[in-house]
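Data block below; observations after.
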Amino acid sequence: MDYQLDLHGQMLMEQYHERLPLYQRLAELADEAVRKALKEQHVTVTVMEHRVKAENSLAGKLELKGAKYHTLDDVTDIVGMRIVTFYSADVDKVAAIINELFVVDWDNSIDKRKLHRLDSFGYNSLHYICRLKDPSNLPCSGDASVTPPKQGEPERLYQLPFEIQMRTALQHVWSTLDHDIVYKGGGVNVPDEYRRQFNRLAGMLELVDEEFSRLRNVLTDYRRQMLALEASGQLDKVDLNSDTFRRYLEAQPFARLNKRIAAINQAELYPVPMMPFLRVLQKLGFETLGEVNRLIEEHSDDAYRLAVSQLGTTDLDILSENIGLQNLCFVYVLKRGGGPAELCQIYDWLNGYDTGNMTLANALFELARTLFSITS
């Protein structure tokens, strides 16, 4: 392909072709190092990708501003990596990891998050220009930050710059839209009216980005508070939700009741998911783990008596581990004057609506009527 390049530009293109295997190797090493470090630090990202700039892309850059680049090393984004996180705080975490892994060229790196005027919105991203750490120049060749690059790699490899862009998912959305709608405008200036509308949308994205980060911090603090209350035994102050109930189940609070019920027929207990009962408990009005704890303390004997009536005349020898909690819920409803309709609701919440649920509820109610002196 013919490019409109001067002699200097042609020389840079020749160097590019000579170095292409090195650029490809550099991209692989940088990507491998970052992925390993992110995994070790338990940092989750939504997108991570790398590329070597294509020939036509580099040629287009040199055609526009080739005089700016004295050497090919001045083109710092021939090898590029993009890392997209969910939250803005994670961008800073990734940046700290990058700083440990590589040699960062601070003079040519840029934090575009700090460049906006107070009255404007725009493209936010953190760009680092980096180089691999050369193991031969380190005090200790066993430095953990130099795992992928190995002794024996071409010396030139450690001199080549590469760019790492770090941003949040919403910042990435803004960048993509800005590039597609504005940058690709074919040289036509965007009227101020449309630019203003675009900037308003950009401001909304920035606000949403900040609110997601704020909300994550609030929820993290909330979970820590709940964990502290659980650890101190203050279960009446621990809200009943999916997080707290899941941890509560890890302590197997229904195990003792389940074993008593299984002993009726010397039955075997097999595990089943217990989280569906969270919805049942919440529908029944339970709001804290303390209330669930009292359900066990106050109604376990009656739940066992109900199980004896259910199983005493059968030879069932396999029971699910939800038998105890299920009977606790039944007893709770019955003791509060509930009838077949309320019992049927529990079956509906657990198994989905089915006409057979009312048949089960009626049979259970008749069984429990004399057991707990229930009057219709």
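The structure displayed is predicted, hence computed values, not measured ones.
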Check residues 251-267 and write down every donor-acceptor pair under 3.5 Å in which the side-chain atom is one partner and the other belongs to a residue at least two apart or another chain.
{"from": "Asn258", "atom 1": "OD1", "to": "Gly324", "atom 2": "N", "distance (Å)": "2.9"}
{"from": "Asn258", "atom 1": "ND2", "to": "Phe254", "atom 2": "O", "distance (Å)": "3.2"}
{"from": "Asn258", "atom 1": "ND2", "to": "Glu321", "atom 2": "O", "distance (Å)": "2.9"}
{"from": "Arg260", "atom 1": "NH1", "to": "Asp301", "atom 2": "OD1", "distance (Å)": "3.1"}
{"from": "Asn265", "atom 1": "ND2", "to": "Leu311", "atom 2": "O", "distance (Å)": "3.3"}
{"from": "Asn265", "atom 1": "ND2", "to": "Thr314", "atom 2": "O", "distance (Å)": "3.3"}
{"from": "Asn265", "atom 1": "ND2", "to": "Thr314", "atom 2": "OG1", "distance (Å)": "3.4"}
{"from": "Asn265", "atom 1": "ND2", "to": "Leu316", "atom 2": "O", "distance (Å)": "3.2"}
{"from": "Gln266", "atom 1": "NE2", "to": "Ala263", "atom 2": "O", "distance (Å)": "3.1"}

Whether Arg131 and Asp73 form a salt bridge (side-chain N of Lys/Arg under 4.0 Å from carboxylate O of Asp/Glu) is what I want to check. no
Donor-acceptor pair, side chain of Glu40 and main chain of Ala37, under 3.5 angstrom: no
With Arg82 as reference, evaluate His50, Glu49, Glu163 under the side chain to side chain donor-acceptor pair (under 3.5 Å) test and give the passing residue. Glu49
For the student: nearest non-hydrogen atoms of Met48 and Asp31, plus distance: CE-O, 3.4 Å
Please report the shortest heavy-atom distance between Leu157 and Leu22, naming the atom on each side. CD1-O, 3.5 Å
Test: side-chain hydrogen bond (donor to acceptor under 3.5 Å, both in side chains). Region: residues 58-71. Which pairs qualify, not counting sequence neighbours? Lys61-Asp77
Ring centres under 6.0 angstrom apart (Phe330, Phe365): no
Centre-to-centre under 6.0 Å for Phe86 and Phe212, is that the case here? no
Side-chain donor-acceptor distances from residues 349-358 under 3.5 Å, at least two apart:
{"from": "Asp354", "atom 1": "OD1", "to": "Gly356", "atom 2": "N", "distance (Å)": "2.6"}
{"from": "Asn357", "atom 1": "ND2", "to": "Asp348", "atom 2": "OD1", "distance (Å)": "2.6"}
{"from": "Asn357", "atom 1": "ND2", "to": "Gly352", "atom 2": "O", "distance (Å)": "3.0"}

Is the NZ or CZ atom of Arg246 both under 6.0 Å from the centre of the six-membered ring of Tyr248 and within 45° of that ring's axis? no
Closest heavy-atom pair and its distance - Leu306, Ala368: CD1-CB, 4.3 Å
Which heavy atom of Gln282 sits nearest to which heavy atom of Asn241, and what is that distance? NE2-CA, 4.2 Å
May I ask you to check whether Tyr23 and Phe162 place their ring centers less than 6.0 Å from one another? no
